[in-house]
There are 4 protein chains.
Amino acid sequence: MFQLDYMDHSPLYEQIKEKIKALIISGVLKPNERVPSVRELAQSLTINPNTIHKAYKELELEGYIYSIRAKGSFVTPINRKINPGRQDDLLLELEKLVSELAYLNIPQEQLLSRIEEIYKKGRQRNHD
Amino acid sequence: MFQLDYMDHSPLYEQIKEKIKALIISGVLKPNERVPSVRELAQSLTINPNTIHKAYKELELEGYIYSIRAKGSFVTPINRKINPGRQDDLLLELEKLVSELAYLNIPQEQLLSRIEEIYKKGRQRNHD
Amino acid sequence: MFQLDYMDHSPLYEQIKEKIKALIISGVLKPNERVPSVRELAQSLTINPNTIHKAYKELELEGYIYSIRAKGSFVTPINRKINPGRQDDLLLELEKLVSELAYLNIPQEQLLSRIEEIYKKGRQRNHD
Amino acid sequence: MFQLDYMDHSPLYEQIKEKIKALIISGVLKPNERVPSVRELAQSLTINPNTIHKAYKELELEGYIYSIRAKGSFVTPINRKINPGRQDDLLLELEKLVSELAYLNIPQEQLLSRIEEIYKKGRQRNHD
DNA sequence: GTGGTCTAGACCACA
DNA sequence: GTGGTCTAGACCACG
């Protein structure tokens, strides 16, 4: 499914969170689709189930998946409201990032075109 | 100058780094301007000087400030060549961020207008 | 009749218990009225009949319904003597809840008016 | 500080959460006061530090305490905004509770007077 | 010394 | 078999 980078200093559960989130955002994992079980993923990554559990728990808190005891974990359909305040955090982070890019003289057009591309891809996925 | 947020889980030296960097990027600290001394800042924030020292050392490594022994630390004037590869990291991070914002149905126009604003401010500062 | 919330982490049989209890308390299910059969409910909720059975068994233990073999389950008419000690539990829980609400600076009037409303509705039902 | 009830079926970390929360709400632990360290409390309750950690983490998420690495955990001053949505959950729970109490024929006056008492105590604490 | 991460392995309730 | 709780014990980054 994906691999961990042991050179990366960020905690394993963070990496797992990011990978799963990316799979959801990119549409590889569809709404209400089942995510690998805690044990399955732990085995395939050869790490401890507790670490997966922690990653899943945080993904659930952030609204990306939901877990049902004795059933498994599933991708949250988007119409459900994702953790409010999360959007504001992301927008703030975006502003910081863009400020730095502007400071480094990255041309504005480059940013705008990248963003348009990303949104275009997103719309394509929704039309599938 | 700025305040630390103890609720924030990032280490103090990271917060200090980010705050100083933000002051440089926003133009509050001008090129070649003197940055507060380690001792001054330590006192005003009531934290250990070692923590400030660590922040300054990393800022120097990343090219934002330079220090002259017995004189203090100063804002690096050359914007361009800071940390090769840094730009790519920022752009990658930007893409991840925008993907998530698109997934959360933030309207594209909102992002574009924010970015234009940030760039406009940057140009104004350069004309001062 | 009602829906299950798979996002809720409480076990399914607990949710069923609470839903049925709420229907009884709110007067939707009248005293001595027949409660849907285990099989019916299991089918309409598309879950295992055992789960319904467990919920009903506990509702019976707590005094909210009684079942007659081969006839079905019915709402207990006698309100008063349900589960001695239950009242004290509820009152204790209420105190904890109100303490927390007071700590969060919820205005006292808001609570009082809500409670009056609930009691008013209860009286109306009894006069029907 | 307090004791655990091993007869109680709720998980240990939940009990710890409730106990600490009660100490905060009742004013025994004042804003910005230090809460026992993870290891201290673990030792005094003779349970695993991980369990305490989990309780503290959730208390932090709910806005009651904040933890600083290498410093300890502290009571959140009330002016900081507590987890929005929490209030709504509490009010919903209150309504369910009151509905049941009304159904059990607990006199309305009894509830109102209890609530007034609790709020009076809260005001007294704030005036200290 | 503090909170935070991670492992290995156990047991539980639920469906 | 699933997620969830808990223990015992290790190691790390931080201040």
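- Atom CZ of A/Arg69 and atom P of F/dT5 are 7 Å apart (whole Å).
- No contact: C/Ile47 has no heavy atom under 4.0 Å from any strand.
- Of the N and O atoms on the side chains of B/Ser73 and B/Glu60, not one donor lies less than 3.5 Å from an acceptor on the other residue.
- Nearest-nucleotide assignment on DNA chain E puts the 5′-proximal partner with D/Glu60, out of A/Ile68 and D/Glu60.
- Phosphate contact (OP1/OP2 of E/dC14, side-chain N/O of C/Lys54, threshold under 4.0 Å): present.
- For the atom pair B/Ile16 CD1 and B/Leu4 CG, the distance stands at 5.5 Å (nearest 0.5 Å).
- In the model, A/Tyr13 has no side-chain atom that pairs as donor or acceptor with a side-chain atom of A/Glu18 under 3.5 Å.
- In this structure, D/Leu59 places its CG atom 12 Å from P of E/dG4, rounding to the nearest Å.
- Counted by atom type alone, D/Glu58 and D/His53 present zero donor-acceptor pairs between their side chains at under 3.5 Å.
- At least one side-chain heavy atom of D/Leu90 sits less than 4.5 Å from a side-chain heavy atom of C/Leu97.
- Between D/Ser10 and D/Lys71, the one whose closest nucleotide on DNA chain F sits nearer the 5' end is D/Ser10.
- Counting only heavy atoms from C-beta outward, the side chains of A/Leu45 and A/Ile52 approach each other to under 4.5 Å.
- Residue A/Glu40 is in sugar-phosphate contact alone, with no base atom involved, counting any heavy-atom pair closer than 4.0 Å across all strands shown.
- Separating the CD atom of A/Glu14 from the C1' atom of F/dC12 is a distance of 16 Å, rounded to the nearest angstrom.
- One interatomic measurement links the two molecules: CZ of A/Arg39 to C1' of E/dC12, which rounds to 11 Å at whole-angstrom precision.
- Regarding contacts with the backbone of F/dG3, a side-chain N or O of A/Ser73 is found under 4.0 angstrom from either OP1 or OP2.
- The CD1 atom of C/Ile16 sits 8 Å away from the P atom of E/dA15 (whole-angstrom rounding).
- Dashed line: the shortest gap from a side-chain N or O of A/Thr51 to OP1 or OP2 of E/dT7 is under 4.0 Å.
- Taking only side-chain nitrogens and oxygens, A/His53 comes nearer than 4.0 Å to OP1 or OP2 of F/dG4.
- Each of D/Leu12 and B/Asn48 lies near DNA chain F, and the nucleotide nearest D/Leu12 is the one positioned closer to the 5' end.
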Which is it for A/Arg34 and A/Lys71 under the side-chain contact (heavy atoms from CB on, under 4.5 Å) test, yes or no, and what are the steps along the way?
-> CA-CA 9 Å; A/Arg34 198 168 174 281; A/Lys71 289 213 151 185; over 6 Å; no

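- Overall, the helix from E/dG1-F/dC14 to E/dC14-F/dG1 carries an axis bend of 10° between its ends, with five pairs at each end and the value rounded to 10°.
- Note on A/Tyr13: every side-chain N or O is 4.0 Å or more away from OP1 and OP2 of E/dC6.
- For D/Gln43 and F/dG9, the CD to C1' distance is 15 Å, given to the nearest whole Å.
- Between the side chain of A/Gln15 and the backbone N or O of A/Asp5, at least one donor-acceptor pair lies under 3.5 Å.
- Between C/His9 and F/dG4 there is a side-chain N or O to OP1 or OP2 distance below 4.0 Å.
- Across all strands shown, B/Asn50 has no heavy atoms under 4.0 Å from either base or sugar-phosphate atoms.
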